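Right, one structure below, let's go through it.
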Amino acid sequence: DIMYSCIITVMAKSGRWSEALLLLEQAHQDGIAPNKYCYTAAVNACAKGRKSRLAIALLQEMRVKGLRPDHVTYGSAITAMAKSGEWERALDLLREMAEEGLEPNVVCFGAAVDACAKGGQWRKAVSLLEEMREAGVEPDRICYNTAVNACAQSGQWEIALSITDKMHCAGEKAPRPDAFTLNSVMYAMAYVGEWERLLGMLHGMHDVGVVPDVVSYNTAMRACNKAQQYNRALSTFETMLQAGVFPD
RNA sequence: AUCCAGAGUUUUUACA
């Protein structure tokens, strides 16, 4: 079983999700009853392969075999919904696990926020942050970043920025914005053609203790190119190299 | 004592 779980995991992680799922079938044919870990790894393979329907089916199959999906299984399943843009199903799973007495943890909520992001539901993504707090789960940096990204993907740069500002001003223990956060905000600015504002933010990153990375510069250059500011794009590229950041 | 097979976030990339 450990063998199967390991191999399924490796295959899922290396993008060979279809082989991972075939392997689960193989286990059955060999007369081996896959355990919870195998199923969870397979559900995660569904996420990679955007097979939301199959992920739900696997959850059901587990229960039929007397296996109880746990937080990790649900986290993977919600991720599978997220990758397929099925935000409603993701929220259904959140409710479902709570009904089974499994209180969603920070990862499950985080995955659900991402599902809303991928589904274009930025308002829901933001309100989920509040819902999780009410459920006694404090959003971590990833949850905030994901909500900021939800706004960004819809071009809501002002909302994205306001959440980021709140992160800056929150208590000492609260999560600080990082490159993921600011890159998402810049993406939002690029999206709506606010390239000047974006460059201002890029150059102000150091002041808030965040080092721009390849994604930061790449996002900035795309914004410049989109606005036909080719000279700006070029100088951004040069700035990047001078900062010791190199393209992959 | 701690770790010891399985989950969540940014640009580009797939089906279009």
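Only heavy atoms go into these numbers, but all of them, side chains included; no hydrogens, no water, no symmetry mates. Naming: A, B, ... by sequence-line order, numbering from 1 per chain. None of the values given here were measured: they were computed from a predicted structure.
The main-chain N or O of A:Ile32 is never found under 3.5 Å from a side-chain atom of A:Asp30 such that the two would form a donor-acceptor pair. Although no hydrogens or angles enter the test, the distance criterion places no donor-acceptor pair under 3.5 Å between the side chain of A:His206 and the main chain of A:Pro212. The closest donor-acceptor contact from the side chain of A:Asp140 to the backbone of A:Cys143 lies under 3.5 Å. Not one N or O on the side chain of A:Asn218 forms a donor-acceptor pair closer than 3.5 Å with the backbone of A:Val214. Panel note: side chain A:Arg176, backbone A:Arg141; no donor-acceptor pair is recorded below 3.5 Å. When atom types are taken as modelled, the side chain of A:Asn149 and the backbone of A:Ala152 share no donor-acceptor pair closer than 3.5 angstrom.
Closest to the side chain of A:Phe180, from the set B:rU11, B:rG8, B:rU9, is B:rU9. When each of B:rU9, B:rU11, B:rA7 is scored by its nearest atom to the side-chain atoms of A:Thr219, the top-ranked nucleotide is B:rU11. Nearest to the side chain of A:Tyr187, among B:rA5, B:rU11, B:rG8, sits B:rU11. Comparing B:rU12, B:rU9, B:rA7 against the side chain of A:Cys108 picks out B:rA7 as the nearest. Across B:rG6, B:rA7, B:rU10, the shortest atom-to-atom separation from the side chain of A:Ala41 is found for B:rG6.
A:Asn183 has its side chain within reach of A:Asp213: a pair of non-hydrogen atoms, C-beta onward, lies under 4.5 Å apart. Here the side chains of A:Thr73 and A:Lys36 are in contact, with some heavy-atom distance below 4.5 Å.
Nucleic acid contact class of A:Asp178 (heavy atoms, under 4.0 Å, all strands): none. Looking at heavy-atom distances under 4.0 Å, A:Val185 makes no contact with the nucleic acid at all. Among the protein residues, A:Asp140 comes within range of the nucleic acid bases, having at least one heavy atom under 4.0 Å from a base atom. If you check every strand for non-hydrogen atoms under 4.0 Å, A:Thr181 touches nothing. Counting any heavy atom pair closer than 4.0 Å across all strands shown, A:Asn105 reaches a base atom.
Taking atom CD1 of A:Ile78 as the reference point, atom C1' of B:rG6 lies 15 Å away to the nearest angstrom. If you take CG of A:Leu23 and C1' of B:rG6, they are 14 Å apart, rounded to a whole angstrom. Here B:rU10 presents its P atom at 18 Å from CD of A:Gln156, a figure rounded to the nearest Å. Computed from coordinates, the A:Met167 CE to B:rU10 P distance equals 14 Å when rounded to whole Å. Rounded to whole Å, atom P of B:rG6 lies 18 Å from atom CG of A:Leu58. We find that CG of A:Asp213 is positioned 13 Å from C1' of B:rU9, with the value rounded to whole Å. To the nearest angstrom, P of B:rA7 lies 13 Å from CG of A:Asn35. One can place CE of A:Met205 at 15 Å from P of B:rU10, the figure rounded to the nearest angstrom.
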Worksheet item: A:Asp92 and A:Arg95: salt bridge (Lys or Arg N to Asp or Glu O under 4.0 Å), yes or no, with the steps?
Response: CA-CA 5 Å; A:Asp92 286 344; A:Arg95 275 190 294 271; 2.5 Å; yes
Item to complete: Go through the steps to decide whether A:Thr164 and A:Leu182 satisfy the test side-chain contact (heavy atoms from CB on, under 4.5 Å), and finish with yes or no.
Response: CA-CA 8 Å; A:Thr164 303; A:Leu182 302 183; 3.7 Å; yes
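For the OP1/OP2 pair of B:rU11 and a distance below 4.0 Å, the side-chain nitrogens and oxygens of A:Gln153 include at least one atom meeting the criterion. Residue A:Asn149 places none of its side-chain N or O atoms closer than 4.0 Å to OP1 or OP2 of B:rU9.
Atom CZ of A:Arg123 sits in a sparse spot, with 12 or fewer heavy atoms from other residues, nucleotides or ligands closer than 6.0 Å. Environment of NZ in A:Lys166: sparse, with no more than 12 heavy atoms of neighbouring residues, nucleotides or ligands closer than 6.0 Å.
Within 3.5 Å, no donor on the side chain of A:Ser76 pairs with an acceptor on the base of B:rG8, nor the reverse. For B:rA7, the base has no donor-acceptor partner in the side chain of A:Asp70 [N/O atoms by modelled type, under 3.5 angstrom].
Ion pairing between a basic and an acidic side chain is recognised when a charged N comes within 4.0 Å of a carboxylate O; A:Glu131 and A:Lys124 show such pairing.
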Worksheet item: Tell me, what's RNA chain B's dot-bracket, Watson-Crick or G-U with both distances under 3.5 Å, | for other-strand, [ ] crossing?
Response: ................
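With sequence neighbours left out, the side chain to side chain donor-acceptor pair (under 3.5 Å) criterion links A:Glu96 to A:Arg63, A:Tyr74. Under the side chain to side chain donor-acceptor pair (under 3.5 Å) criterion, A:Lys51 pairs with no residue at all, not counting sequence neighbours.
Near RNA chain B, defined here as any heavy-atom distance below 4.0 Å, the residues from residues 109-124 of chain A are A:Gly110, A:Ala111, A:Asp114, A:Lys118, listed numerically. For RNA chain B, none of the residues of residues 233-245 of chain A falls under the heavy-atom distance limit of 4.0 Å.
Of the options A:Arg50, A:Lys118, A:Arg53, a side chain to side chain contact (heavy atoms under 4.5 Å, CB included) to A:Ser84 is made by A:Arg50 and by none of the others.
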Provide a list of protein-nucleic acid N or O atom pairs under 3.5 angstrom, restricted to nucleotides 14-16 of chain B.
from   : atom 1 : to      : atom 2 : distance (Å)
B:rA14 : N6     : A:Arg50 : NH1    : 3.3
B:rA14 : N1     : A:Arg50 : NH1    : 2.2

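Position along RNA chain B of the nearest nucleotide to A:Asn218 versus A:Cys143 favours A:Cys143 as the more 5'-ward residue.
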